[in-house]
Every structure is written in C-alpha cells, then in structure tokens.
S.K.: 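Here it is: the structure, laid out below.
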Amino acid sequence: MKTIVCRCEDVTLDDVRHALALGFRDLEEVKRYTGLGTGPCQGKECMALCGFILAERGCVPVPFTTRPPVAAVALGTLARGDEEG
Amino acid sequence: MSDRVPDCTVFLDGSAVRAVAGEPVAVGLWAAGVRVLSRSVKYHRPRAAFCLAGHCGACLMRIDGQPNVKACQTALREGQRIEHQNSWPAGEHDLLGAADAVFPRGMDHHTMFTSPRAANALLRKMVHRLGGLGRLPERGGELAALPSGRRRKVDVAVIGAGPAGLAAALTCAQDGKRSVVVYDEQDRPGGSLLSHPRFGIAAADALAAEARAVGVELRCHAAAIAWYPEDDGGLLAIDDGGVLTKLTARRYIYATGSYDVNALFENNDRPGIWAARAVGLLATRYRVKLAGRTAILGDGAYAHALAEALASAGSNVEHLASERVLRARGRLWVSGLDLEGGRRVRCDRVAVAAVPAPASELARQHGAAVELRAKGGGFACLVDGRGATRVDQVYACGDVCGFVGVEAARAHGHSVGRAVAESLA
Ligand code: FES
C-alpha cells in the first residue's frame, strides 16, 4: 500500500527512500530523481514533508529552486501581458 | 447550522446535479454525494479535495471546456459543465486504476525502460497513455481579445490578505501618508481567519473593513505569481483577475501564510482525508452539515479548536491527538483508520491537522533566506525583529515566517506594519 508524499506526481514514501538508498541527499536531487514537487502545485506540500524526511537522516535540507509562476496562470494572461493597456 | 438551499443545476459528465450557486464546485459536488473529483496522474488513484485553498492540486477538473481548473476555487453557476479528466470511463470507475496494483509500492522510471526491448516499447506506450493531465481546451482565445498588461507603482505592496497581511496593511496605512495595496488569490479577504471556527467570515470581514476604512486597497482574485529581478530593477507579477499587473513598490510585505500538509500513513491520499483547515472551511465558511463521524489527527491549537467546534455543533468527533496512524481504510472514500497497537477507528472523514508549511516561495524568489523548522512546519522566512528579510525593502510577517496560527500572525502583522511605516517616514 502506498504512502503518498507528493500527491501531484504520485511520489511515494518508498520512492523517496529508494532515492535516499541510491545516495541522493538533498531536495534538489530527490526532486530530479523522483519527480517530487514537479506537478501542478510545485511542491507546496511535499517539499516540507521531504525536507523533514531528509532532516531525520541528518541532512540539512535547502529548498529546491522556486520558479515562476508560483500559482497557476492562464497562458492568455501572459500572452499580451507585455503590451500595456 | 445549515441554510444551504440548492438553487441551480450543473452537469457532471452530463448528469444533472443540484447545487448552491456561488459555492465552490468542489464543495457543492461533495455535498451532493460525489466522492471522486479526479484521478492521480500516474496510478490513477481516486482523489478529491484536500485543502479547499487552491494549493494541493487534488481537485483539478474540466469545467466548461477548460482543462485543469481547480474545483475548489471555481464558483458553481447554472448550467455549468463539469467533467472528470484523465479517468476512463468515469471518475469513480476508472479502469486505468489497475496501474495502482501493477506498481504496488511506486515506480522508478529511470530503470523501467531498460529491458527487454520489446516489452519496453509496449510499456512506454502504456505509461504515455497513463500520464498527463486533461485534454486541450475546446476553443482557444482570440489573441486580440485577451487583456493587455498593466503597470502599477505603490508605496507598500502586501501579498496575502490573511490576518497578518490585513493587520500589516492597516497599521501601515493608518496615518494616511502612503498608498497600501493588498493582493490575495482567494475570492474574499481573510485567509486563515475564514477556516478558524473561532473567527470565520465575520472576523475576516471586520478586519478587512477596518483596513479599507484607513484607505487600504484590497484586491481579491489577484495572485502574485512571480518576482522578476531582471525586469526594470525588479517587478512583482500579479495575475489580477486575468490581467497581468507589473507592480513595483517602495516596500514589499510577504504575508503569504501557510500551505496545508498531509500526514504520512498508508493510503493517506484517500478521498475523505482533508486538511483540518478544509474541514474548518466546510463547517465555518460554507456551513455544510458534517454528517457522520470526523476523525481529527493532531495535537496543535487548531486541532483542539476544530474538535471543540464540531462537538458543540452536535457532530460526532474522534480526536486522535497523539495516536500514530498506520493506514486509512476504504476504497473510494475513507471509512476508517488503523492505529498503531491494533486499534481501529471508524470514520466518515479525516481532518489532518499537521503543522502547515510556510508559503515562502515568493519571498525566496525575492531573495529572502529560509530555514527548515519543525515547529514552523517547513521552510520559514528569516526576518529580524522588524520583519525585515535580508533583502532591502522586503519584509515578511505571519505564518510565512514559521507557522504561528491566526492570533500570533495578526499580532506579527501589526508590528511589521508599524516598522514598515517607520521605515518610510
Ligand atoms: S487545490 Fe483544490 S482542494 Fe486543494
């Protein structure tokens, strides 16, 4: 049975443990290996959860890079955004 | 408690559902007995609303032909067409859900396609079919019909109209010497006041009215989406009701609050497992009658406040303050919890009151430093006694500096608002 860490990308606790067993040690690496934090919410829930899992193992986690946009935005809003009205 | 009277008809996958216009789609469908809103992207696990705050992504549906619309942030209206996406043939009966059993513990996509070659090609096809979110919209927009952007300059920009942001704005604007505008992504101001049974809509509206009275401009449906440091010496991009606003301010105050976080146990994503604050919203803001039994997980002040409020409203509550949950039971909707030590609890919903995680991404984009704090729920913004981050002109207050809850967030907002006003005097 699965314990979900990242609900957007269906990344399980076993997936995270597997990545740790392979030697990955920081959030950026775990993100790149498992896909955690790459879904629609961009890690709003799972980054902290995974950070604590890493901290339990003695790592000092730093957050993975946050990229625009932090909230979902329609392409239409950006499409003419540069022309000022 | 409930004064909800269905007054409109919407169509879910073509079938009529009676609902209350103006309520969020996710709330109306749940109240009408719909259990599964979406399917997860890889294993097609059943999903339903978790946060009701637009943050968890568990409620994405196709609404009026637009894919990936958040059902918890979209108001119900007469004749609306709502569809499940990425499930086949229907949300509650999704044959692709077999993927969940095929990969019982998870999948390592790095080694999946390595051998043998023929099986590989097949597997790859299958995984492509399984993945992805929704289909393209039925109609594209006309470029000329899209709104053009706007540029704005203000003295103080506050991001987030929760207790911290409203308090900061109102204190900062009190002497009438500067322009203060607050942006919030939700449909009304209040933030975490709205989900707290001891505060709710009345307290949120009162604080918002106080802020407006001293000249604060409150803008809802306006999500700050990014800080772009390279444009014109830096600008904050805001999706203000669909119009891109490029904002520059003399001071920025991030009062972005906190995100709901789940607890880790087997099947912790079952529909019916909500963030405690979402259950608080159902009871306090949307006034939906919570029939059956609610299990509340957690020992924080909020868990106790919610347990008390539900019990005094006559709801059946099982508060599991310190028990360890091993797994959730139930296939399409939670029916109970297995606890460590063998105890089994029957319930109709679960409210997870884990410490929420600081919503610190925007402040981080703007250069603020953060630190992982167990008590603070995640990566908390580092600020000094005046609320200043390490970046000039950038301040933060409330839960974004480590979860503190409604009252402490409001107090912090007042003190940071004062410091920002002084810095501009
Ligand atoms: S985003 Fe809608 S329930 Fe979380």
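Residue numbers begin at 1 in each chain, while the letters A, B, ... track the order of the sequences.
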S.K.: For B:R373, is it the side chain, the backbone, both or neither that has a heavy atom under 4.5 Å from a heavy atom of chain A?
M.R.: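 Contact with chain A is through the backbone of B:R373 alone.
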
S.K.: Measure distances from A:L49 to the heavy atoms of chain B and classify the residue's part below 4.5 Å as side chain, backbone, both or neither.
M.R.: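 When you check distances to chain B, only side chain atoms of A:L49 fall under 4.5 Å.
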
S.K.: Looking only at the side chains, is there a donor atom on one of A:D10 and B:S40 sitting less than 3.5 Å from an acceptor on the other?
M.R.: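 Side-chain D/A pair, A:D10 to B:S40: present.
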
S.K.: Go through the atoms of B:D260 and report whether side chain, backbone, both or neither lie under 4.5 Å from a heavy atom of chain A.
M.R.: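 Looking at B:D260, just its backbone touches chain A.
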
S.K.: Is a salt bridge present between B:E361 and A:K44, judged by a nitrogen-to-oxygen distance below 4.0 Å?
M.R.: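 Yes, B:E361 and A:K44 are salt-bridged.
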
S.K.: Determine whether a donor-acceptor pair (N or O, by modelled atom type, separation under 3.5 Å) exists between the side chain of A:R80 and the backbone of B:L146.
M.R.: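 Side chain of A:R80 to backbone of B:L146: a pair is present.
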
S.K.: Would you mind telling me which of A:G51, A:C8, A:P63, A:C41 has the largest number of heavy-atom pairs within less than 4.5 Å of chain B?
M.R.: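 Between A:G51, A:C8, A:P63, A:C41, the count favours A:P63.
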
S.K.: Do A:T66 and B:Q365 have side-chain N/O donor and acceptor atoms under 3.5 Å apart?
M.R.: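 Short answer, yes.
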
S.K.: By a 4.5 Å heavy-atom criterion (distance strictly below it), what part of B:A224 contacts chain A: side chain, backbone, both, or neither?
M.R.: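 Just the backbone, heavy atoms under 4.5 Å.
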
S.K.: Could you tell me whether the side chain of A:T77 and the main chain of B:V243 form a donor-acceptor pair under 3.5 Å?
M.R.: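 The answer is no, because no donor-acceptor pair under 3.5 Å joins these two groups.
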
S.K.: Using non-hydrogen atoms and a 4.5 Å limit, figure out which bit of B:L264 sits close to chain A: side chain, backbone, both or neither.
M.R.: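 For B:L264, backbone and side chain are both near chain A.
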
S.K.: Heavy atoms only, distances under 4.5 angstrom: which of A:M47, A:K2, A:E9 has the most pairs with chain B? Name it, please.
M.R.: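 Answer, by heavy-atom pair count under 4.5 Å with chain B: A:K2.
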
